[in-house]
Amino acid sequence: MTFLNSAQQTAIEQGDGPVLVLAGAGSGKTRVIVERLAWLVSERGVDPRNLLALTFTNRAASEMRTRVAERLGVDRLAAWVGTFHSFGLFVLRRDIERLGRPAAFTVFDDADQLSLMKRLVKELPSGCVRVSPREALNWISRFKQWLHSPSEDDVGSAEDETYLKLWRAYHAATYNANAVDFDDLLVLPARLLGEHAEVREKYQRRYRYVHVDEYQDTNHAQFVLAQHLSAGHGNLFVVGDEDQSIYSWRGADLDNILQFEQTFEGARVVRLEQNYRSKESILNCANAVVSHNQFRLGKTLWTAQGKGDPVRVYEAADENDEAQFVVRDITERQLPLNEVAVLFRTNGQARAIEEAFRRGGLPYVVYGGMQFYSRKEIKDILAYLRLLVNPADEISLRRVLNVPPRGIGGVSFQRIEEYAKERGVDLFSVLREVETDQTLSGRARTSITAFVQLIDDLALQARSAGVGALVERLLDATGYRKYVEQGDAKDFRARLEIVDEFVSSCHQYDRDTGGDLTSFLQDLALVSDTDNLDPDAPTATLLTCHSAKGLEFDHVFLVGLEEGLLPHGSSLGDSEELEEERRLCYVAMTRARESLTLAWARSRTMYGERRTAAASRFLDEAPRDALHWIDAEPAAPRRAAASAPAGVDATRIQMGTRVRHAKFGDGTVMYTSGSGAKLRARIRFQTGRTREFLVSRAPLEIVEGNSS
DNA sequence: GAGCGAAACGAGGAT
DNA sequence: CGTTTCGCTC
């Protein structure tokens, strides 16, 4: 794409005021923002420092930054280009004190939130309904993203009552720990700009032109933030595609894009319907699938990239056959690996693909696996560092108080906790006064005193030393390397390497930025492993459909096209969720430039058990003549059938079946969901309690008709 | 309090 | 099937 078409040109040269660019897949969406930013600077004489561009991933932001800088011929771009979350962090660093909170706050990542919530669920009083920590976090997040606090009015069930309790506890715990979570990074700035006119005006004066990429993915807090930022001058330029909205489960509100014209007075709309990425065969297939959705504005994408080969479909016997087919096909067609991507619905599907790549000797990179920063060693070190700048951070304190083991076990810790609760102070303060607590053993007291001393010493050094030097001192003082060596006999070398890699990345940070520990820690919470995608590395890329958004490859393999997987099983009962699955399929298909290959497996191992599936309905929705079905290789000799599961005969579990549970006693099946190995049954016991079980796993037996 | 083996539970997507 | 938590022993 070396020139701009007239629609792109029109979009870029919109002057002041609100603008919505409805851009189809592969229509040069990012390029429009890049060119628009460059145009404002070179043609309209806008100072780059007055430009703001908000994205959803660091990867998108850094690509945009590079391209604008290139376009303007500068080394370092003065415009603010980054993710919503990093912008929120930027605002809070400057102005969080206006909300009465200190500037040295901790940013909780997903794992921190989860471990906090697990503890809160455990500590619930005994009368409460059991809920999962993840569900509770989702419930809370829904309210936060809408800038609401839940109240008694929002309680409709026993679960809600528990969630409300957990919300109160969660809110208090994060507040007391002087921490913010991912939602807070949007919610607090939105509140700040809403409640403090002088702060709002400061940012409005600074950022005269506000741009938002992937606008269809914005949630309400992000919408409010964008609204506040542009309210003074009205220069809000957003780009999005309702057909690529795949994050409603994360709170994205499609109404933001659907209602843009009504919300922002005088808004202009530009449509980009020419696709520059995919061959016609691929685009037709993707268009046909997504056209089965009811809720869409509707665009007619077309391409001039040529007809292209038909989209191929492979019917595999199982996930290994599917993976081997992908590897065989890449090898036979001699595809350049850096232009190959394998896309799947769930992270768990990566395993089989990886194995086939390894065996076939093809290099690959997986995105979304175990992330560097979520390794135990890194989390331990980070917890120490966080404690240095924020002693109120209880999550970190709990993590490292006895790591490496220093003789402060569960019993001592419980004492400390009770003591803190009685006196209404934070845990670290209790540790400081430990000498006066005669209930603790002498050994524990000595250890705790030494621990407090250690933290104080390191905190003192943190003021003068860089992060790298500080971490080395920390590793020495705690004997952390020795602890790693003694841990896992096989793995310890790799683990030490991780530690070393982290130390050198700290030194790098010091050289790059001057080494402020607080900023270092806050920034790290927003780093994700899809940030470092190297498009030129000679490796294939394995990734989920979700993380593939915004990327493109010459050759795409989309695997696991089965009912229950894509569309995912949890969406089957809900037409809106099903439409989101369809959009996800559309996004995946439109990543391909030259060739698209689909695959599905008649049987697949999940949770350690084989289960069979039907081909995805999305395959039926593609035009019959658009797909070319590849004949399977002669079937590999079947392995012996897996032994029958130990549980009851699943076909006999249905509404009304009377069962006996080893732990809960007799009950009746209220209803079932799922099927095969994933068949779940909700059972009401004679005690009046109800619970849901995975039939294949629960210790159930069927009570024959006349047992009562 | 630490270390070990057994049992339980979990995986839908991610800034 | 892989990982985390539980519970027992020293």
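Throughout, protein chains are lettered first and strands after them, A, B, ... in sequence-line order, and every chain is numbered starting at 1.
- When rounded to the nearest whole Å, the span between CD of A/Q222 and C1' of B/dT15 equals 9 Å.
- A/Q349 has its CD atom 19 Å from the P atom of C/dC1, to the nearest Å.
- Among the protein residues, A/F182 comes within range of the nucleic acid bases, having at least one heavy atom under 4.0 Å from a base atom.
- With rounding to whole Å, A/F344 atom CZ is found 17 Å from B/dA11 atom P.
- Between A/F413 and A/S570, it is A/F413 whose nearest contact on DNA chain B lies nearer the 5' terminus.
- The nearest whole Å value for the distance from the CG atom in A/L578 to the C1' atom in B/dG12 is 15 Å.
- Looking at A/R250 and A/D217, no side-chain N of the basic residue comes within less than 4.0 Å of a carboxylate O on the acidic one, giving no salt bridge.
- One can place OH of A/Y367 at 25 Å from P of B/dG12, the figure rounded to the nearest angstrom.
- One C1' atom belongs to C/dT5, the other to B/dG12, and the distance between them is 24 Å to the nearest Å.
- Both stacking criteria are satisfied for A/W249 over the base of B/dG13: a centre-to-centre distance under 5.5 angstrom and an angle between ring planes under 30 degrees.
- Between A/N402 and the phosphate of B/dA2, there is a side-chain N or O to OP1/OP2 separation shorter than 4.0 Å.
- When ring centroids are compared, A/F90 and A/F87 come within the 6.0 Å threshold.
- In this structure, A/Q145 reaches neither bases nor backbone, as no heavy-atom distance under 4.0 Å exists between it and the strands shown.
- A donor-acceptor contact closer than 3.5 angstrom is absent between the side chains of A/Y586 and A/N293.
- When distances run from any side-chain atom of A/T346 to the nucleotides C/dG2, B/dT15, B/dG13, the shortest one goes to B/dG13.
- Proximity note for A/E577 (side chain, C-beta onward) versus B/dG12, B/dA14, C/dG2: the nearest is B/dG12.
- Between A/R398 and A/E417 there is a salt bridge, since a side-chain N of the basic residue sits under 4.0 Å from a carboxylate O of the acidic one.
- When the C1' atom of B/dG13 is taken as reference, atom NE2 of A/H546 falls 4 Å away, rounded to whole Å.
- Checking A/Q216 against A/E214 by side-chain atom types alone, a donor-acceptor pair falls below 3.5 Å.
- Between A/T544 and B/dA14 there is a side-chain N or O to OP1 or OP2 distance below 4.0 Å.
- The CG atom of A/L137 sits 15 Å away from the P atom of B/dG12 (whole-angstrom rounding).
- A donor and an acceptor atom sit less than 3.5 Å apart, one in the side chain of A/E581 and one in the base of B/dG12.
- Residue A/D110 has its side chain nearest to B/dT15 when only B/dT15, B/dG12, C/dG2 are considered.
- Residues A/R296 and A/R582 form no side-chain contact, since every pair of their non-hydrogen atoms from C-beta on lies 4.5 Å or further apart.
- Residue-nucleotide stacking is present for A/H568 and B/dG12, judged by a side-chain ring centre under 5.5 Å from the six-membered base ring centre and planes under 30° apart.
- Ranking B/dT15, C/dT5, B/dG12 by closeness to the A/K118 side chain, first place goes to C/dT5.
- Protein atom CG of A/L188 is 21 Å distant from nucleotide atom P of B/dT15, rounded to whole Å.
- In this structure, A/N347 reaches the B/dG13 phosphate: one of its side-chain N or O atoms is under 4.0 Å from OP1 or OP2.
- Contact check, A/S412 against B/dG1: a side-chain N or O comes under 4.0 Å of OP1 or OP2.
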